[in-house]
Trainee: 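Below: one structure in C-alpha cells.
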Amino acid sequence: MKPLLFENFSQQINLQDTINSGQVFLWEKNGKKWYGINGNDVLAIDQNTRKITSFSENPADIFRNDDNLKKILENISQDKIVESAIQRFPGLRLLRQDPFQCYISFIVSSNSNIQKIKLMLKKLCKKFGRKVRFDGKEFFLFPEPKQLANAQTKDLLSCGLGYRAKSVKNASRDVVSEKIDFEFLKNADYDTTKKTLLKVYGIGDKVADCIMLFSLEKLVAFPLDRWMLRVLQKYYSKKFQSLGKTLTEKKYSMLHEEIINYFGPYAGYSQQFLFKMEREINKKKW
DNA sequence: TACTAACCTGTACG
DNA sequence: ACGTACAGGTTAG
C-alpha cells in the first residue's frame, strides 16, 4: 500500500462523512447547505464552496483548523488499520463542539442510538431553546444550562428523555452552580477532567471520554463504546490484554491506558476514523 | 471488587 | 396488527 500524502488535507473536508460519524447530532442538510446548531450559534456550510456563514459574529473554529492535521494523520497512520480507515474516509474530521451542548448530548446518548439521540436533542432545542432566524430560516438554539436546570420533569419527559431526564437536570444544575466549569476543564489534564466529569450523575467512562474528546480539547480521550469494543476485538485482539467480555469500571481504565500507550497522544482521532469505518462496514444508519 | 438487572423509548423484525 | 428483540451506557443492588 502506498503511503498517504497529507500535504493538502486541509482542503478536503468531507462534510457528509464528518457530520455522519456519531460526534454531532443537530446537523441537517437543506438544499445545498448543511445547517448545524452549536450552542448559541447556527452554522451554515455550502457543500460545494465550503463557505461558512454563521448566526453569531464570531463562530467557533469547529473544524479544528488550528490542529496540525498533517502531523496528526501521519502520527496515527503508523497503525495500519487506522491508515486504511483514513484512506477510506480522508475527509473525516474531528469537530470542536460547544461544551454544554456536547455534555448534554452525550448524557442523553447513554443507552440510546443515534437516530433517537437526534430526535431527543431536537425536541429539547424546540422546547427550551431560543428561536432565531438565520439565512431566511427558523432555528432553535441549544438551551442554556439554567433553562434545563429549572425545567419541569414532565417537559423533559415530553422530549423523549425517559430516565435520562433526571441526569440532564442534575448535570445542568452542576453547570449552573459551577461545579462543572468548562473553561477550567479545557485547561486541566485528562485525569483531572475525567475525575470531575465522573462525579456528575449520568456520566460514566464512555460519556466522559466523548465530552472530553469532542469539546474539551482532550485528543487523547478514546471513548470505548460497544462499537469500539467490536473494532478492538476484530482487529486488535492480540494487542490488548484488558480486552474482556464485559467492561467494568476498572477494565475500562486499564484498557484505556493500554490504548493510549499504543495509539499515542492523538488516540481520539484514531478512534473517530475507526468508529466511522466500522459503522459503515456494518451499514449502520446515521 | 465483580457481575447483573433495571432503566425509557423508538424502531425493526417475526 | 401484535408482541418481542434490539439498541445503547450508567447506576444500584
Side-chain angles (χ1 to χ4, degrees), chain A residues 20-26 28 97 101-128 148 151-175 179-180 193-216 218 221-234 240-259 268 271-272 274-286:
Chain A
N20 294 326
S21 67
Q23 48 181 333
V24 287
F25 307 99
L26 291 170
E28 274 174 12
Q97 303 181 37
Q101 178 173 332
C102 186
Y103 171 84
I104 296 299
S105 297
F106 284 94
I107 286 171
V108 157
S109 81
S110 120
N111 197 20
S112 190
N113 54 56
I114 290 176
Q115 308 257 341
K116 203 183 140 196
I117 298 162
K118 285 183 174 177
L119 190 66
M120 291 187 284
L121 292 175
K122 215 170 148 177
K123 287 181 175 175
L124 265 187
C125 288
K126 186 148 192 196
K127 190 131 203 123
F128 298 101
L148 295 182
Q152 299 288 320
T153 302
K154 69 169 171 53
D155 291 330
L156 291 170
L157 290 174
S158 75
C159 299
L161 298 190
Y163 60 85
R164 300 167 196 82
K166 184 182 165 191
S167 307
V168 166
K169 199 164 164 160
N170 282 328
S172 300
R173 282 180 174 162
D174 288 347
V175 173
K179 229 189 266 180
I180 294 295
T193 309
K194 182 136 192 189
K195 227 166 101 182
T196 307
L197 288 174
L198 286 177
K199 288 182 195 155
V200 178
Y201 182 85
I203 297 183
D205 278 300
K206 186 269 180 184
V207 169
D209 277 323
C210 286
I211 297 166
M212 288 192 285
L213 175 61
F214 299 134
S215 73
L216 298 176
K218 306 292 180 276
F222 192 106
L224 291 164
D225 68 347
R226 68 164 49 213
W227 282 95
M228 289 317 297
L229 285 182
R230 251 177 247 189
V231 166
L232 295 177
Q233 263 145 12
K234 184 169 168 186
F240 303 113
Q241 297 305 308
S242 313
L243 262 182
K245 286 192 174 155
T246 53
L247 251 200
T248 57
E249 207 179 324
K250 184 156 191 178
K251 275 268 174 83
Y252 189 106
S253 57
M254 283 171 60
L255 184 54
H256 195 269
E257 190 64 28
E258 280 193 78
I259 281 169
Q271 183 271 351
Q272 201 57 27
L274 293 171
F275 182 85
K276 173 70 177 173
M277 179 173 75
E278 205 57 18
R279 297 265 312 188
E280 291 289 351
I281 286 172
N282 287 276
K283 298 185 176 15
K284 298 301 287 185
K285 283 188 178 170
W286 301 102

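Every chain is numbered from 1, with letters handed out A, B, ... down the list of sequences. These values consider heavy atoms only, across backbone and side chains, with no hydrogens, waters or symmetry-generated copies.
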Trainee: Roughly how many Å is it from CZ in A/Arg226 to C1' in C/dA7, rounded to a whole number?
Mentor: 7 Å
Trainee: Could you tell me whether A/Val108 contacts a base, only the sugar-phosphate backbone, or nothing, with contacts defined as non-hydrogen atoms closer than 4.0 Å?
Mentor: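 Answer is nothing: A/Val108 stays at 4.0 Å or more from every strand.
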Trainee: Expressed in whole Å, how much space separates the P atoms belonging to C/dG13 and B/dC8?
Mentor: 14 Å
Trainee: Hey, is A/Glu28 close enough to A/Lys118 for a salt bridge, meaning N to O under 4.0 Å?
Mentor: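 Result for this pair is no, no salt bridge flagged.
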Trainee: Specify the separation, in whole Å, of atom CG of A/Leu247 and atom C1' of B/dT4.
Mentor: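 Rounding to the nearest Å, CG of A/Leu247 and C1' of B/dT4 are 15 Å apart.
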Trainee: Consider the side chain of A/Lys206, meaning its heavy atoms from C-beta on, and name the nucleotide among C/dG9, C/dT11, B/dC3 that approaches it most closely.
Mentor: C/dG9
Trainee: Once pairs are restricted to Watson-Crick or G-U wobble with both distances under 3.5 Å, how does DNA chain C read as a dot-bracket string, [ ] for crossings and | for other-strand pairs?
Mentor: .||||||.|||||
Trainee: Once you round it to whole Å, what is the distance between P of C/dG9 and CH2 of A/Trp227?
Mentor: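 So the CH2-P distance, A/Trp227 to C/dG9, works out to 11 Å.
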Trainee: Quick one: is the NZ or CZ of A/Lys166 closer than 6.0 Å to the six-membered ring centre of A/Tyr201, and within 45° of its axis?
Mentor: yes
Trainee: Using whole Å, what does the distance between atom C1' of nucleotide C/dT10 and atom CG of A/Asp209 come to?
Mentor: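 My rounded result for the distance is 14 Å.
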Trainee: How about A/Phe106 and A/Phe25: are their ring centres within less than 6.0 Å of each other?
Mentor: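 Yes, they do, as the ring centres are separated by less than 6.0 Å.
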Trainee: Less than 4.0 angstrom from a charged side-chain N to a carboxylate O is my criterion; do A/Lys194 and A/Asp205 meet it?
Mentor: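 Judged by the 4.0 Å cut-off on N to carboxylate O distance, A/Lys194 and A/Asp205 do form a salt bridge.
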Trainee: Going by an N to O cut-off under 4.0 Å, is there a salt bridge joining A/Glu280 and A/Lys284?
Mentor: no
Trainee: If I pick the P atom on B/dT1 and the same atom on C/dG9, what distance separates them, to the nearest angstrom?
Mentor: 24 Å
Trainee: Classify the nucleic acid contact of A/Ile203 as base, sugar-phosphate or nothing, counting any heavy atom under 4.0 Å across all strands shown.
Mentor: sugar-phosphate
Trainee: Between protein and nucleotides 8-14 of chain B, map the contacts as a letter string: B base, S sugar-phosphate only, - none, heavy atoms under 4.0 Å, written 5' to 3'.
Mentor: BBS-S--
